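Atoms considered below: every heavy atom in the structure, side chains included; atoms not considered: hydrogens, waters and symmetry mates. Computed from a predicted model, the values in this text were never measured in an experiment. To find a chain, count down the sequence lines: A is the first, B the second, and so on, and within it residues start at 1.
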Protein chains: 2
Amino acid sequence: MAAANQTISDRIQQKLDDLTRAERQLALSILENYPASGLGPLTALASSAKVSVPTVARMVQKLGYTSYPDFQADLREELGAIGKGPIAKQETWAGAAPSEHILNRFTDAVIDNIRNTLAHIDPVSFDEACRMVADQERHLYIVGGRITHTLAEYLFLHMQVIRPNLTHVQSTSNTWPHYLLNAREKDVFVIFDVRRYENNTLKLAEMARARGAEIILFTDQWHSPVHQLASVSFTSRIIVPSAWDSAATTMLLLESLISAVQTLTWDETKDRLQELEEMFDSTKLFRKFT
Amino acid sequence: MAAANQTISDRIQQKLDDLTRAERQLALSILENYPASGLGPLTALASSAKVSVPTVARMVQKLGYTSYPDFQADLREELGAIGKGPIAKQETWAGAAPSEHILNRFTDAVIDNIRNTLAHIDPVSFDEACRMVADQERHLYIVGGRITHTLAEYLFLHMQVIRPNLTHVQSTSNTWPHYLLNAREKDVFVIFDVRRYENNTLKLAEMARARGAEIILFTDQWHSPVHQLASVSFTSRIIVPSAWDSAATTMLLLESLISAVQTLTWDETKDRLQELEEMFDSTKLFRKFT
DNA sequence: GATTGCCTGTGATAATTCTTTCACAATTGT
DNA sequence: ACAATTGTGAAAGAATTATCACAGGCAATC
């Protein structure tokens with residue numbers, strides 16, 4: 001049994017870089033359900049991590065143990081030690097940091113935002129919005145402002161894979177009126193507007209509405225003026241201990257929407273994804289492992 | 001394995017009266033160091049409780065298990081259930097929607113990601129990264145890939161307000177080698193790289209490192225290869241019920257970092273913010289109320 | 001584009017450890 | 001003294017673990 005002042009969890013994380021792909025997969029699996037998974041039989045651990053038995057044996061030795069049971073003994077000892085100590089903590093997210101640390105305070109706030117936002121959301125509207133975004137007959141315009149531009153782009157990036165017939169508009173640029181020339185009845189505008197609300201965005205929304213397009217709005221709890229014009233509005237709470245607002249909750253909503261739209265259009269999407277994969281493979285832009 | 005809604009600890013205590021002297025002695029020993037002692041070998045448990053091996057075997061059967069390993073399996077399962085904190089599982093986030101609705105499933109996953117990510121973060125490294133990013137002597141390069149580009153841009157946007165002397169680099173473009181010409185010792189690169197890891201990004205990181213610059217990396221649980229070169233790495237869990245990965249957790253970390261850097265540089269920042277406000281006022285780009 | 005080397009899984013085997021269960025003796029309490 | 005409980009020692013059986021050789025696959029390199 002190897003002596004250690006740190007937890008085995010720490011030790012594994014520290015060694016993570018010296019490990020190979022399968023070993024890392026195993027290590028992460030152990031950390032995933034820690035420490036329970038490491039206390040079962042070796043074969044069970046191997047199969048739950050989807051690696052082979054020798055891989056487990058090899059890694060345990062890399063971690064400095066003479067055998068798997070040796071490793072388990074250390075785990076048990078650690079588990080026993082926890083029992084003694086003050087068990088109080090659980091409230092802090094980053095356990096290693098004090099509760100006043102910005103990481104903990106910020107995370108507290110974001111979780112609170114998420115809870116609050118989700119509690120007030122209307123799933124029917126959500127589903128409705130998903131259907132609108134998934135409808136490939138309608139041209140999809142995605143509009144972001146100065147800060148929200150990044151969220152808009154994130155949506156655009158994913159929608160590009162999922163469906164054709166879409167446009168990314170920056171309300172901060174002067175070129176957006178050109179795009180509106182093409183907008184037709186029933187087209188869909190996904191608009192992001194949080195405080196400080198942008199005049200350009202409002203004008204754009206008004207003109208879109210005038211042309212008979214429908215608007216899906218992502219805004220904050222104070223409601224962008226675009227709200228009046230929107231068919232569906234998503235309201236996120238965005239308060240955090242910072243000079244700025246948080247986009248994390250809006251991001252969550254957005255990703256949920258993407259996931260839902262993806263499911264709705266899966267039949268068509270999967271071919272596009274397939275093609276994309278092949279293109280990536282051929283360009284070698286990405287690496288497959290390690 | 002016997003079904004139970006209660007913990008095994010409860011069950012043992014409940015049965016305590018039906019047990020004989022040696023068995024009770026064993027039971028109390030198990031509860032003494034719960035659950036670690038029950039997860040070791042039977043013989044070890046027997047000797048630590050100072051009872052004989054058959055006594056252990058007999059009692060386990062009295063508790064309703066078919067075998068000692070069966071008992072252990074139940075213990076491990078219970079241990080695994082504890083690992084999941086109290087906040088996540090029970091609740092439906094969007095109360096109006098059924099728990100199988102994508103909104104609830106997705107939010108569950110994100111909360112889980114956040115919990116897991118924060119649990120493994122090192123606050124010392126975090127603070128260190130904040131100091132590096134806040135140091136205006138060093139030029140700050142922000143690097144994003146295909147998907148992470150949006151996160152990079154989000155950081156860039158905020159850093160622009162907080163400090164001068166920074167550059168936004170897209171690893172997907174071909175122009176980045178030009179930027180590297182200006183990179184100097186101790187400059188800071190904030191690099192985003194999640195799967196699928198981009199070869200361009202790795203090359204960029206290597207060259208930055210060769211020039212003596214320091215790297216702060218935002219990656220996922222599988223660790224971008226850039227990890228080896230980084231002074232500080234932030235590892236987010238990014239699994240959600242979707243064909244894509246979630247950026248929400250990384251966004252949270254990022255915003256925490258921004259907030260912390262903002263605090264560190266407040267003296268200089270507040271003037272810049274003031275100026276920015278005035279510029280916005282004069283351009284009438286934003287509306288002050290509603 | 002071919003080669004080389006590293007990593008990983010497979011299947012098998014042997015060694016080890018752990019578990020179960022004997023019968024019987026010792027102990028305890030009634 | 002009787003009956004229930006418990007421990008001893010042992011041995012068989014089961015499960016787990018350690019390890020091997022080998023082949024396939026992937027990636028880096030030239």
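Partners of B/Lys186 under the salt bridge (charged side-chain N to carboxylate O under 4.0 Å, His left out) rule, at least two apart in sequence or in another chain, do not exist in this structure. Considering only residues two or more places apart in sequence or on other chains, A/Ser37 meets the side chain to side chain donor-acceptor pair (under 3.5 Å) condition with none of them. With sequence neighbours left out, B/Tyr141 forms a ring-ring contact (aromatic ring centres under 6.0 Å, His included) with B/His139, B/Phe189. Listed by chain and number, the residues in a salt bridge (charged side-chain N to carboxylate O under 4.0 Å, His left out) with A/Glu153 amount to none (sequence neighbours excluded). Every residue two or more places apart in sequence or in another chain was checked for a ring-ring contact (aromatic ring centres under 6.0 Å, His included) with B/Phe106, and none qualifies. The ring-ring contact (aromatic ring centres under 6.0 Å, His included) search around A/Tyr68 returns none, not counting sequence neighbours.
Relative to the axis of its first five pairs, the axis of the last five pairs of the helix from C/dG1-D/dC30 to C/dT30-D/dA1 sits at 40°, rounded to 10 degrees.
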Protein-proximity profile, nucleotides 10-30 of chain C, B/S/- by nucleotide at the 4.0 Å heavy-atom cutoff, equals B-------SSBB---------
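Taking atom NZ of residue B/Lys50 and atom P of nucleotide D/dT8, one finds them 13 Å apart after rounding to whole Å. We find that CZ of A/Arg24 is positioned 14 Å from C1' of C/dT8, with the value rounded to whole Å. As rounded to whole Å, 13 Å separates atom C1' of D/dT6 from atom CG of B/Leu26. One atom, CD of A/Gln25, and another, P of D/dC26, lie 14 Å apart when rounded to the nearest Å. Following rounding to the nearest Å, B/Arg76 (CZ) and D/dT16 (C1') show an atom-to-atom distance of 12 Å. Between the CE atom of A/Met59 and the P atom of C/dG9 there is a distance of 13 Å, rounded to whole Å. What separates CG of A/Leu39 from P of D/dT16 is a distance of 14 Å, to the nearest Å. To the nearest angstrom, P of D/dT16 lies 19 Å from CG of A/Asp70.
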Could you go step by step and tell me if B/Ile239 and B/Asp245 meet the side-chain contact (heavy atoms from CB on, under 4.5 Å) rule?
CA-CA 6 Å; B/Ile239 306 177; B/Asp245 299 319; 5.8 Å; no
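At least one side-chain nitrogen or oxygen of B/Thr20 sits closer than 4.0 Å to the OP1 or OP2 atom of D/dT6. OP1 or OP2 of D/dG7 lies within a sub-4.0 Å distance of a side-chain N or O belonging to B/Thr55.
A 6.0 Å sphere centred on NZ of B/Lys62 holds more than 12 heavy atoms belonging to other residues, nucleotides or ligands.
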Show me, pair by pair, the donor-acceptor contacts under 3.5 angstrom made by side chains of residues 257-265 of chain A, not counting sequence neighbours?
residue	atom	partner	partner atom	Å
A/Ser259	OG	B/Pro241	O	3.0
A/Thr263	OG1	A/Ser259	O	3.0
A/Thr265	OG1	A/Val261	O	3.0
A/Thr265	OG1	A/Thr269	OG1	2.8

